[in-house]
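The structure appears right after this line, and notes come after that.
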Amino acid sequence: MAKLSTDELLEAFKEMTLIELSEFVKQFEETFNVTAAAPVAVAGVAAAGGGDAAAAAEEQDEFDVILTAAGDKKIAVIKEVRSLTSLGLKEAKDLVDGAPKAVVEKVDKATADKAKEQLEAAGATVEVK
């Protein structure tokens, strides 16, 4: 098997969707018996241990983008859901019809804000948690 360089791996990851990358991380964790989220959990416990719940909330680094309503332009919202995820047409339509539902989960703040802007531009009502 040919050995891939770090740059080649990064290029491969850039072509993956968020869901594909999430599935890869899960499989990587299972294969090598490691947890990618361990340092984050330790930091969260240390902040909560101080007794200051506000500080723990400020350090939130994973956000979920929740579609609360499709609005008047349902087709445009379905198109945006498909562009943000790797869902097919039927799955994206079911997600939009079943609102409120999470469109993307456990993403960084910048990605969550970008997804929210795209969905709102399409006419959807969205919240970030």
Side-chain angles (χ1 to χ4, degrees):
M1 180 174 156
K3 193 171 187 179
L4 297 176
S5 71
T6 303
D7 291 334
E8 292 171 329
L9 284 171
L10 287 174
E11 288 302 316
F13 291 143
K14 286 180 185 178
E15 295 176 13
M16 298 174 95
T17 65
L18 289 174
I19 292 176
E20 291 170 336
L21 193 55
S22 174
E23 290 171 356
F24 169 78
V25 170
K26 287 178 188 173
Q27 188 173 357
F28 184 90
E29 289 174 343
E30 290 172 5
T31 301
F32 295 103
N33 197 24
V34 295
T35 303
V40 175
V42 172
V45 170
D52 189 16
E58 287 178 31
E59 293 189 26
Q60 178 180 358
D61 63 346
E62 290 185 341
F63 298 88
D64 295 343
V65 179
I66 312 293
L67 176 72
T68 55
D72 296 337
K73 301 177 183 176
K74 187 173 169 182
I75 293 173
V77 174
I78 291 170
K79 287 180 180 179
E80 283 303 320
V81 167
R82 291 192 68 204
S83 74
L84 292 168
T85 64
S86 62
L87 296 176
L89 181 60
K90 181 181 182 332
E91 292 83 6
K93 181 184 179 300
D94 291 344
L95 188 146
V96 171
D97 288 341
K101 290 229 176 161
V103 177
V104 289
E105 299 178 314
K106 298 182 181 175
V107 295
D108 61 34
K109 181 70 172 166
T111 304
D113 289 341
K114 183 179 175 190
K116 180 180 179 190
E117 288 175 18
Q118 288 176 317
L119 288 166
E120 286 178 342
T125 304
V126 181
E127 66 180 49
V128 176
K129 290 187 178 183

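Scope of the values below: all heavy atoms of this structure, side chains included, with no hydrogens, waters or symmetry mates.
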Do other residues, nucleotides or ligands put more than 12 heavy atoms under 6.0 Å from the CD1 atom of Ile75?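 Not buried by this count: 12 neighbours or fewer within 6.0 Å.
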Quick check: are there more than 12 heavy atoms from other residues, nucleotides or ligands sitting under 6.0 Å from CZ of Phe28?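 Incorrect, the count does not exceed 12.
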Evaluate the side-chain proximity of [Y] to [X]: yes if any heavy-atom separation is below 4.5 Å, no if none is.
| X | Y | result |
| --- | --- | --- |
| Lys74 | Asp97 | yes |
| Lys101 | Leu67 | no |
| Thr111 | Leu18 | yes |
| Glu11 | Asp7 | no |
| Asp108 | Glu62 | no |
| Leu84 | Leu119 | yes |

At their closest point, which heavy atom of [X] faces which heavy atom of [Y], and how far apart are they?
| X | Y | result |
| --- | --- | --- |
| Ala115 | Val65 | CB-CG2, 4.1 Å |
| Lys73 | Ala122 | CB-O, 3.4 Å |
| Ala70 | Val77 | O-CG2, 3.2 Å |
| Leu4 | Glu8 | CA-OE1, 3.3 Å |
| Leu89 | Arg82 | N-NE, 3.5 Å |

[atom1]-[atom2] distance between [X] and [Y], expressed to the nearest 0.5 angstrom:
| X | Y | atom1 | atom2 | value |
| --- | --- | --- | --- | --- |
| Lys116 | Ile66 | NZ | CD1 | 12.0 Å |
| Leu87 | Asp94 | CG | CG | 9.5 Å |
| Leu9 | Lys3 | CG | NZ | 10.5 Å |
| Lys90 | Leu95 | NZ | CG | 12.0 Å |
| Lys129 | Asp64 | NZ | CG | 8.5 Å |

Mind checking what makes side chain to side chain donor-acceptor pair (under 3.5 Å) contact with Lys26, not counting sequence neighbours? none
Taking Thr125 for the side chain and Thr68 for the main chain, is one N or O donor matched with an acceptor at less than 3.5 Å?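 Checked: no pair found.
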